[in-house]
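Below is one structure, written out as structure tokens; comments come after it.
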Amino acid sequence: MADGHENCAHATHGYSQDKAKYLARLRRIEGQARGIHRMVDEDVYCIDILTQISAMTSALENVGLSLLKDHLNHCVVDAARAGGPEAEEKIEEAMAAIARLVKS
């Protein structure tokens, strides 16, 4: 899944320490998505489905914010300490990620 942004001062990503926690949260979100699918399939009342979509969206946002915090505390802080163009690149990268999260 490398996309050119794996360059961090460490061999691990900021979330690596909490990887099991993230995976468990993502599995719960997958379960929520399956539940929503089942609700639509079973013609459940629209408002009930929208309530579940809202809960799932909130759960995804929380995962995203936690990952962003880990990235800021790990890769961005390390790059800022080192200075130079990599620091500016990491800050811009983080700002773009924040902008994407805010738009969603």
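Computed over heavy atoms, backbone and side chain alike; hydrogens, waters and symmetry mates excluded.
- Put simply, SG on Cys46 and CD1 on Ile53 are 10.0 Å apart, with the number rounded to the nearest 0.5 Å.
- Using a 4.5 Å heavy-atom cutoff, the side chains of Val44 and Arg38 are not in contact.
- Taking the side-chain contact (heavy atoms from CB on, under 4.5 Å) definition, one finds that Leu67 meets it with Tyr15, Tyr22, Val63, sequence neighbours left out.
- Applying the salt bridge (charged side-chain N to carboxylate O under 4.0 Å, His left out) criterion to Lys21, with sequence neighbours excluded, gives Asp18.
- By the side-chain contact (heavy atoms from CB on, under 4.5 Å) test, Val40 pairs with Ile49, sequence neighbours left out.
- For the atom pair Glu89 CD and Ile91 CD1, the distance stands at 11.0 Å (nearest 0.5 Å).
- Using a distance-only test at 3.5 Å, with no hydrogens or angles considered, no donor-acceptor pair links the side chain of Ser54 to the main chain of Leu50.
- Not counting sequence neighbours, the partners of Arg81 by the salt bridge (charged side-chain N to carboxylate O under 4.0 Å, His left out) test are Asp78.
- In this structure Ala80 satisfies the side-chain contact (heavy atoms from CB on, under 4.5 Å) test with no other residue, sequence neighbours excluded.
- Rounding to the nearest 0.5 Å places NE2 of His74 at 14.5 Å from NZ of Lys69.
- Placement of Leu23 and Leu68 in two distinct hydrophobic clusters is found when ILVMFWY residues are connected by side-chain heavy-atom separations under 4.5 Å, directly or transitively.
- Annotation: the span from Cys75 atom SG to Glu86 atom CD amounts to 8.5 Å, rounded to 0.5 Å.
- Between Arg27 and Glu30, none of the side-chain N atoms (NZ, or NE/NH1/NH2) sits under 4.0 Å from a carboxylate O, so this pair counts as no salt bridge.
- Here Lys19 contributes atom NZ and Asp70 contributes atom CG; the two are 13.5 Å apart, rounded to the nearest 0.5 Å.
- When all heavy atoms of Leu65 and Leu101 are compared, the closest pair comes out as CD2-CD1, 4.2 Å.
- With sequence neighbours excluded, the residues satisfying side-chain contact (heavy atoms from CB on, under 4.5 Å) with Glu61 are Thr57.
- Taking CE of Met56 as the start and CZ of Arg28 as the end, the distance is 13.5 Å to the nearest 0.5 Å.
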